[in-house]
There are 2 protein chains.
Amino acid sequence: MADDMPKQDLSSEGIAAALRGRILSGGYGLGQRLIEMDLAEEFGVGRGRVREAFRMLTGEGYLEFVANRGVLVRRYSRVELIEMGRVREVLEGLAARLAAERTLTDVQRQELEAAQARMDAAEVAGDLDAFGMENRAYHRLIEELSGNVHASEFITRVRIPLIRVQMPWEEVAESVGRSNRGHRVITAAILAGAPEAAEVAMRTHVRDGNAHVARLPDEVFEAR
Amino acid sequence: MADDMPKQDLSSEGIAAALRGRILSGGYGLGQRLIEMDLAEEFGVGRGRVREAFRMLTGEGYLEFVANRGVLVRRYSRVELIEMGRVREVLEGLAARLAAERTLTDVQRQELEAAQARMDAAEVAGDLDAFGMENRAYHRLIEELSGNVHASEFITRVRIPLIRVQMPWEEVAESVGRSNRGHRVITAAILAGAPEAAEVAMRTHVRDGNAHVARLPDEVFEAR
DNA sequence: CTGCCTCTCATTGTCAACAATCTTGCGCTG
DNA sequence: CAGCGCAAGATTGTTGACAATGAGAGGCAG
């Protein structure tokens with residue numbers, strides 16, 4: 001039953017939010033075509049509302065409009081992925097800087113330490129899945145601690161091409177140590193209130209990650 | 001007559017582009033409400049298409065949707081303007097860095113020098129309007145020289161709140177010298193192929209501008 | 001005169017029907 | 001058997017009509 005769901009918002013915005021969530025969570029694959037009629041039926045609304053949701057998401061950069069073909073989840077070429085990687089580098093660097101500039105509450109400091117501890121635990125345990133999950137949570141937390149919702153929004157957008165991009169297993173295993181060493185530097189800099197150091201460390205860290213992404217095989221980018 | 005116009009594109013995208021142009025050029029004021037029916041009539045299309053154009057522009061950050069009230073040209077609060085200013089700082093810094101990293105063609109180098117020369121001329125002539133215009137052209141040129149269309153796109157968005165923000169006259173007059181001194185440092189760094197210097201100089205330059213913006217009187221933000 | 005209530009109208013929200021377009025599968029021809 | 005149309009089906013593009021909402025005008029009571 002779908003009754004225990006919090007009674008979904010069926011306005012165009014609500015539908016846009018639902019679709020955005022599906023894209024971000026990987027429910028829809030890159031390049032996947034979305035059919036107006038199917039979604040209209042699924043949500044129990046007219047096609048017009050779905051179309052308006054599509055248009056919003058197109059404006060936000062999540063979807064790609066093709067005349068007379070409708071929309072598909074926006075794909076990114078290798079070049080685009082690299083270009084956006086550089087943008088991500090400075091934006092995440094900014095978030096780290098801002099987090100270090102602010103006077104964090106005790107609760108926030110504890111959250112940051114806890115997030116770091118969970119990554120450390122996953123690293124020690126050699127649990128790559130857990131590490132990946134905690135890694136994402138850590139980056140999101142820093143965005144939040146930056147206190148700049150606009151920076152956050154742009155970072156979310158610039159991260160879209162990375163959804164569903166799966167690194168080769170051995171490469172991940174090999175990079176965990178280096179990656180988490182970066183995290184520890186960032187965490188320390190933020191807790192110490194050292195904006196410059198936090199930004200530099202985060203930029204280096206993100207750049208490292210991007211270098212791995214740039215080496216991905218071609219197949220990743222043509223994913224239907 | 002409107003016959004010599006290039007036969008306007010009346011798709012939702014075309015209408016969105018037309019409206020975007022009006023907002024950017026100041027044809028519509030901040031907070032101004034746009035009426036679906038009026039625009040539908042003006043363009044000679046159904047309301048649906050205008051609505052879809054509205055939705056796209058909402059996603060892009062140009063318009064603001066209010067349930068059952070329609071759309072208005074989006075206003076940004078002082079806090080938002082400051083937050084986006086910091087994002088702009090790092091993004092424009094990135095563009096300058098990328099421009100310096102690339103090997104520019106002779107034509108590109110000449111364009112950059114010419115843009116700098118035009119600003120210098122406007123500064124010497126004390127023509128504030130010309131300086132403002134050339135200043136915008138200069139920043140756009142650097143985005144272009146960065147060769148990163150995504151960085152460009154984000155910069156465009158993050159600049160939206162600055163549309164129509166008019167600085168007090170004397171303050172502009174007073175800051176032209178300092179501003180253009182910044183430009184010269186940036187120009188030199190890019191031509192010299194010094195990414196680090198170019199980025200630092202651009203960030204400082206943008207931050208200076210933001211400081212002025214932050215001091216704007218309250219009226220600017222409630223302006224409808 | 002002031003404040004509140006109601007009614008009216010302008011405007012947005014929604015849909016279902018119809019038109020235009022693209023894809024695809026089939027059959028014909030060379 | 002390959003290639004070329006052609007027709008049928010699926011999907012998007014567009015509109016006009018009707019419902020729902022909210023703002024403002026006007027009147028009535030205190």
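None of the values given here were measured: they were computed from a predicted structure. Protein chains get the first letters and strands the later ones, always in sequence-line order, with residue 1 at the start of each.
- When the side-chain contact (heavy atoms from CB on, under 4.5 Å) test is applied to B:Leu72, the partners found at least two apart in sequence or on another chain are B:Glu64, B:Val66, B:Arg75.
- Under the side-chain contact (heavy atoms from CB on, under 4.5 Å) criterion, A:Arg118 pairs with A:Ala114, A:Ala115, A:Glu134, not counting sequence neighbours.
- Residues from residues 40-48 of chain A lying near DNA chain C, meaning a heavy-atom separation below 4.0 Å, are A:Val45, A:Gly46, A:Arg47 in numerical order.
- Within a heavy-atom distance below 4.0 Å of DNA chain D, the residues of residues 49-70 of chain B found are B:Arg49, B:Asn68, B:Arg69.
- Using bins of under 30°, 30° to 60° and over 60° for the plane-to-plane angle, the ring pair A:His139/A:His183 lands in the perpendicular bin.
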Fill in: ring-ring contact (aromatic ring centres under 6.0 Å, His included) between A:Phe65 and A:Phe54, intermediate numbers included
CA-CA 8 Å; A:Phe65 233 97; A:Phe54 282 176; 7.2 Å; no
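- The CZ atom of A:Arg86 sits 8.5 Å away from the CG atom of B:Asn148 when rounded to the nearest 0.5 Å.
- In this structure, CE on B:Met84 lies 11.0 Å from CG on B:Asn210, to the nearest 0.5 angstrom.
- Shown here are the side-chain contact (heavy atoms from CB on, under 4.5 Å) partners of B:Ser175, two or more places apart in sequence or in another chain: B:His212.
- Between B:Ile35 atom CD1 and D:dG22 atom C1' there is a gap of 13 Å when expressed in whole angstrom units.
- Spacing between atom CD of A:Glu36 and atom P of D:dG13 amounts to 6 Å, rounded to whole angstrom units.
- Partners of A:Ser12 by side-chain contact (heavy atoms from CB on, under 4.5 Å), not counting sequence neighbours, listed by chain and number: A:Arg49, A:Glu52, A:Met56, B:Arg55.
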